[in-house]
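The analysis underlying the following values was restricted to heavy atoms, covering all of them including side chains, and did not include hydrogens, waters or symmetry mates.
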Amino acid sequence: MKRRVAGEQQLEHRRIALVLGGGGMKGFAHIGVLRALEEAGIRPTCFAGTSIGALIAAAYLGGMPLEEMERRALGLRKRDLFRINHVGMLFDRMRSSSIYLEEPLRALCSNAVPRTTFDELQAPLLVNTVDVERGTQVVWGLPGLTNVRVDDAVYASCALPGFFPPGHVDGRQCIDGGTIDNLPVAIAAQNAEAVIAVDVGSSDLSHNTDASAQGFAATYMRAATVMMHALQVAPLSQWAGPPMFLIRPRLGHVGWLSFSHTPEVMAEGYRAAREAMAQLPECLAAKGGVYPRAAYRLSVDRDLCTGCGFCASIAPNTMGMDPRGKAYAKTEIVDWCSADGDFVRHCPTDAITATRLTPASDQPIAQQEVA
């Protein structure tokens, strides 16, 4: 049953870009988000994605029903995707192209994604990759980059470096686009009047005391998450494009390579999208900015503050240092989206608190927030 959102008439004839970020198995939250968007009558005119976000966007554009996506996601097992590259590791050792074989991931992409070129799709699709030889970002589907097979580009976008071999696309060796841009909103916004972005991979950096104890793969993925999060902070906090509706499901407790949380992940994607919808009309009516937004009160515990000055160095417009060398908030009440306030969690002594004053439609700004 379709659920209408307030101001739905604003959606008609609007050029809306939907951007689905990478995040491994967390990316199944995109299925729940797509269901919520369908129920709200939101029909994006352009799709963009990185890694699993590219896979789901391409499958959706290819006509795969959400029920089928859910069935495949629930049926996927680790052995279906991760098969050790024994021969390569034995004979090539450190020169092996990857830990895991290409074929399982290649089959997953080819079975889910149309085996057509980009210019044969029913709507524009942008697949974000990185040319590993040139060290440059390559977004397939842009003008001049459409005469390649979609499934080849999607495989390359999913090819996590070291885990899977690079994909060969139009003579280029390409890897996971999250290496440079895990949420390619800037390129998707070029011809859009509004952007809906879904960040599943790096928004929620919950405290993790077990990362190193879980082995090198867990340490690598934790490091990749931190890197991707850092790369996203500036583009989102300094966003100057059309209005952006940022959906961030709460998935910090779910591992990138975890196959045991799929029902919960899909449900959380749906919940996060539905909860955020309250501010969608405001977002569509705005000239710019990132939504949903909420008011927060900033405070500093002077007893905990060591005067290191790190907050003032990374957020000079918001934080300062007083004559006694203690941090203080230049503006006590701030209007933030979930992409703002990243400096709060960087305080080494947790001296800074961001207390939400108005109902928020998205995940917490930082771990130190008081709900």
- Task: Take C158 and L105, measure what side chain to side chain contact (heavy atoms under 4.5 Å, CB included) needs, and give me the verdict at the end.
- Result: CA-CA 8 Å; C158 293; L105 178 58; 4.1 Å; yes
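- Here the side chain of D335 pairs no donor or acceptor atom with the backbone of R293 at under 3.5 angstrom.
- Between the side chains of E332 and Y296, no donor-acceptor pair of N or O atoms lies under 3.5 Å.
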Would you mind writing out the side-chain donor-acceptor pairs for residues 304-315 within the sub-3.5 Å range, not counting sequence neighbours?
{"residue": "S313", "atom": "OG", "partner": "F310", "partner atom": "O", "Å": "2.6"}

- Item | Worked check of salt bridge (Lys or Arg N to Asp or Glu O under 4.0 Å) between R35 and E70 | CA-CA 10 Å; R35 182 170 296 285; E70 292 175 355; 3.1 Å; yes
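- Side chain of T50 to main chain of L183: no donor-acceptor pair is present (N/O by atom type, distance under 3.5 Å, no hydrogens or angles).
- K330 contributes no side-chain N or O that, together with a main-chain N or O of G320, makes up a donor-acceptor pair within less than 3.5 Å.
- Of the N and O atoms on the side chains of Y270 and E39, at least one donor lies less than 3.5 Å from an acceptor on the other residue.
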- Message: Run R71 and E67 through salt bridge (Lys or Arg N to Asp or Glu O under 4.0 Å) and show every step you take.
- Response: CA-CA 6 Å; R71 186 189 69 80; E67 291 75 14; over 6 Å; no
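- The aromatic rings of H253 and H261 sit perpendicular to each other, their planes meeting at more than 60°, with 30° as the lower class boundary.
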- Task: Would you sort out whether D170 and W140 count as a side chain to side chain contact (heavy atoms under 4.5 Å, CB included), showing the intermediate values?
- Result: CA-CA 10 Å; D170 196 26; W140 303 100; 3.9 Å; yes
- Query: Checking salt bridge (Lys or Arg N to Asp or Glu O under 4.0 Å) for the pair D322/R324: CA distance, chi angles, key distance, verdict?
  - Reply: CA-CA 5 Å; D322 67 18; R324 295 185 180 182; over 6 Å; no
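- In terms of modelled atom types and a separation under 3.5 Å, the side chain of D80 and the main chain of L76 share no donor-acceptor contact.
- The main-chain N or O of R149 is never found under 3.5 Å from a side-chain atom of R115 such that the two would form a donor-acceptor pair.
- Remark: Y155 OH to D176 CG distance equals 11.0 Å, nearest 0.5 Å.
- The pair D350-R345 does not count as a salt bridge, with every side-chain nitrogen at least 4.0 angstrom from each carboxylate oxygen.
- Taking the charged nitrogens against the carboxylate oxygens, E38 and R43 have no contact shorter than 4.0 Å, which rules out a salt bridge.
- A pairwise comparison of heavy atoms in D199 and P249 identifies O-CD, 3.5 Å as the closest pair.
- Expressed to the nearest 0.5 Å, how far NZ of K26 lies from CG of L251 amounts to 6.0 Å.
- Environment of NZ in K78: sparse, with no more than 12 heavy atoms of neighbouring residues, nucleotides or ligands closer than 6.0 Å.
- For E133, the side-chain hydrogen bond (donor to acceptor under 3.5 Å, both in side chains) criterion is met by Q173, not counting sequence neighbours.
- Between I196 and the choices I42, L20, V33, the side chain to side chain contact (heavy atoms under 4.5 Å, CB included) rule is met once, by I42.
- Note that OG1 of T146 is 10.0 Å distant from CG of L121, once rounded to the nearest 0.5 Å.
- Side chain of Q122 to backbone of L61: a donor-acceptor contact under 3.5 angstrom is found.
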- Item | Check against side chain to side chain contact (heavy atoms under 4.5 Å, CB included), I52 and F28 | CA-CA 8 Å; I52 192 170; F28 289 138; 4.0 Å; yes
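- Although no hydrogens or angles enter the test, the distance criterion places a donor-acceptor pair under 3.5 Å between the side chain of D340 and the main chain of C337.
- How far CG of D151 is from OG1 of T116: 8.0 Å, rounded to the nearest 0.5 Å.
- Between E103 and R106 no salt bridge is recorded (no basic side-chain N to carboxylate O distance below 4.0 Å).
- For E268 (side chain) and R250 (main-chain N/O), a donor-acceptor pair under 3.5 Å exists by modelled atom type.
- Considering CZ of F163 and CG of L81, their distance stands at 11.0 Å, rounded to 0.5 Å.
- Here the shortest heavy-atom pairing between A327 and V300 reads O-CG1, 3.5 Å.
- The backbone N or O of G135 lies less than 3.5 Å from no partner atom in the side chain of D131, so there is not a single donor-acceptor pair.
- Below 30°, between 30° and 60°, or above 60°: for W336 and F343 the angle between ring planes is above 60°, a perpendicular geometry.
- Taking OH from Y60 and CZ from F47, the interatomic distance works out to 6.0 Å, rounded to the nearest 0.5 Å.
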- Trace of the side chain to side chain contact (heavy atoms under 4.5 Å, CB included) decision for V254 with V265: CA-CA 8 Å; V254 179; V265 166; 4.1 Å; yes
